[in-house]
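Read through the structure below, which is laid out as structure tokens, and then see the notes.
Residue indices begin at 1 and follow the sequence shown. All of these numbers come straight from a predicted model, not from anything done at the bench.
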Amino acid sequence: APSHPPHIMLIVDENKDYTSLNLPPKNQRYIYQNPQAPYLNQLMTQYASATNWYSLAHPSFKNYLGLLSGQTLGNIPHSSETLADQLTQAGIPWAAYMGGLKQPPNPSSCDPNAADQENYNPPYYDTSPNFYEWDHNPFWWYTGVTGNPAECNSVVPYPGSTSLLSTLNSANPPDFIEISPNGCDDGHDNNGGGIPGGQCQYTETQETDLFFQGPTNVDGLPPPTLGCPTDCLNLPAILTSSWYQSGGIIIITWDEAPSTDKTGGGLPNTNGGQIATIVISADSHGPYTPAGNDYGILRAIDEQYGLTPLANAANAANGDLRGAFTNAGTVGSISGTVLDSVTTLPVVGANVTCTGTPTCTPTTTGAGGAYTLNNLAPGTYTVQVSATNYGTQSATDTVTSGAAPPDNFNLIPNPGSITGTVTDSVTGVPISGASVTCTGTSTCTPTSTAGDGTYTLSNLTEGSYTVTFAANQY
């Protein structure tokens, strides 16, 4: 086991929902299964993804305060104890990297009035090209930080990926690191975003995905103007660092969902919407399904360092993300076959979807009509099967771990019909009033031809039929 305190990195991004299901149609401000976030979705699949996690409130700053002190407080400055105070008192080195912060502060520049951006513009603000978000830096809101030079000087500008990697590979790196990316990288601002020079080139979600992946370019997009190493995290390189390799844990979370999502998962005093939260470690794999909020993240960090959870983080009702640090990835699956109820032949290419908590990835039936829904967290799901010319069917399944009992579907074909025209074989004149009957796969109702000789046999099940015609003098 490592001889040093745990290595934990907390990265807080901005204003994205966990899933599109919580948002209005065409809203791209979500993470799970968003094609604009391929790298983040790779991380969600490869490591642990909290599928039932929520932010405390709207607007943003309350969640940053909750993550640091276990409380969402009002007016500044605050004298409450923070995680920074706890770490300092325990002799655990820490650093807070603020994207867009212009220069390292000194004790006199750690002014809590800096939080009032509308009326205060100290020299360490930098609005171009790296947008510093004052309300994403909760550290300077607390007198325990601003009044302590050791703590104050631990809040520094984000140095870029090369310098960060050098720090992580050094002999004495910080044991705890919190990163607030700048206004482009955290997904707070989209194209232009009010930033001089228009540094936010892509959508909010794309900017964040590019920030994490660095030069790996999973998105296939040209890198942003700044790009690596100045303006990215380059997570793949961090995962090779000695800091991470010696028991590192990286938590990626979002401060809040878009303001239209006010869900809270039934957690106390929680209405900031459902958010994605990813835990990266050697022991973190698969969906992590317990519910929790920002306090549950602080609780996990405190516990991991052997510290007493602060304020509301001590309330177990707010969840505990620590279980994701060693999540074994207990997942299950639902599988079965889809057949034609009449012919018993397989229905290939049928669409198989499911809804539940969490959601699952749709699929289609393959050869033999077989399907499998993989990587399902324990829970209850409604599976729905649809195919062209068939009625849609659904069923409810409960997943624990491993494979659930087979869920097979026998689709009923949509009713069909036989139509035609009866004519005199010599003259070609339509025959009115001819009797039309049929026998075959299903019972059909006899009919007779109309004045123009036409007929329709309706509500026929898929299959083979023999149609018989009769008329006077024929």
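- The main-chain N or O of Gly349 is found under 3.5 Å from a side-chain atom of Thr365 such that the two form a donor-acceptor pair.
- Using modelled atom types, no side-chain atom of Ser163 and backbone atom of Gly160 make a donor-acceptor pair closer than 3.5 Å.
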Under the ring pair (Phe, Tyr, Trp, His ring centres under 6.0 Å) criterion, do Tyr30 and Trp254 qualify, and how do the steps go?
CA-CA 10 Å; Tyr30 66 96; Trp254 278 257; over 10 Å; no
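- When atom types are taken as modelled, the side chain of Thr88 and the backbone of Ala84 share a donor-acceptor pair closer than 3.5 angstrom.
- Taking the six-membered ring where tryptophan is involved, the planes of Phe409 and Tyr371 are tilted, since the angle between them lies from 30° to 60°.
- The backbone N or O of Asp261 lies less than 3.5 Å from a partner atom in the side chain of His58, making a donor-acceptor pair.
- Remark: the Asn351 side chain and the Thr364 side chain contain no N/O donor-acceptor pair separated by less than 3.5 Å.
- Side-chain contact between Gln304 and Phe325: present, with at least one pair of heavy atoms (C-beta onward) separated by less than 4.5 Å.
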Checking Tyr64 against His136 for the ring pair (Phe, Tyr, Trp, His ring centres under 6.0 Å) test, could you report, in this order, the C-alpha distance in whole Å, the side-chain angles of both residues, the deciding distance, and whether it holds?
CA-CA 7 Å; Tyr64 286 88; His136 303 168; 5.0 Å; yes
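- Listed for the Arg299 side chain is a donor-acceptor partner under 3.5 Å among the backbone atoms of Ala314.
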Between Tyr18 and Tyr32, does a ring pair (Phe, Tyr, Trp, His ring centres under 6.0 Å) hold up when you go through it step by step?
CA-CA 6 Å; Tyr18 172 74; Tyr32 178 62; 5.1 Å; yes
Report the C-alpha separation of Asn312 and Asn315 in whole Å, then their side-chain angles, then the decisive distance to 0.1 Å, and conclude whether the side chain to side chain donor-acceptor pair (under 3.5 Å) test is met.
CA-CA 5 Å; Asn312 292 301; Asn315 184 356; 5.7 Å; no
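- Gln89 and Asp85 form no side-chain donor-acceptor contact under 3.5 Å, judged by distance and modelled atom types alone.
- A distance-only check finds a donor-acceptor pair linking the side chain of Lys16 to the backbone of Gly187 [under 3.5 Å].
- For the 3.5 Å distance criterion, the side chains of Tyr142 and Ser69 qualify, holding a donor opposite an acceptor.
- Using modelled atom types, one side-chain atom of His7 and one backbone atom of Trp243 make a donor-acceptor pair closer than 3.5 Å.
- In this structure, the side chain of Asn15 does not engage the main chain of Ala257 through any donor-acceptor pair within 3.5 Å.
- If you check the side chains of Gln206 and Thr203, you find a donor sitting under 3.5 Å from an acceptor.
- Remark: the backbone N or O of Thr326 is not paired with any side-chain donor or acceptor of Ser281 at under 3.5 angstrom.
- Between Lys62 and Asp294 there is no side-chain heavy-atom pair separated by less than 4.5 Å.
- A donor and an acceptor atom, one from each side chain of Asn408 and Thr337, are located under 3.5 Å apart.
- Side-chain contact between Gln28 and Leu23: absent, with no pair of heavy atoms (C-beta onward) separated by less than 4.5 Å.
- Classified by interplanar angle (parallel below 30°, tilted 30° to 60°, perpendicular above 60°), the ring pair Tyr288/Trp53 is tilted.
- Within the model, atoms CG of Leu73 and CG of Leu68 stand 10.0 Å from one another, a figure rounded to the nearest 0.5 Å.
- A distance-only check finds no donor-acceptor pair linking the side chain of Thr253 to the backbone of Thr277 [under 3.5 Å].
- Interatomic distance, CE of Met44 versus OG of Ser49, reported as 3.5 Å (0.5 Å rounding).
- The closest side-chain donor-acceptor pair between Ser60 and Glu256 falls under 3.5 angstrom.
- A donor-acceptor contact closer than 3.5 angstrom links the side chains of Asn293 and Thr270.
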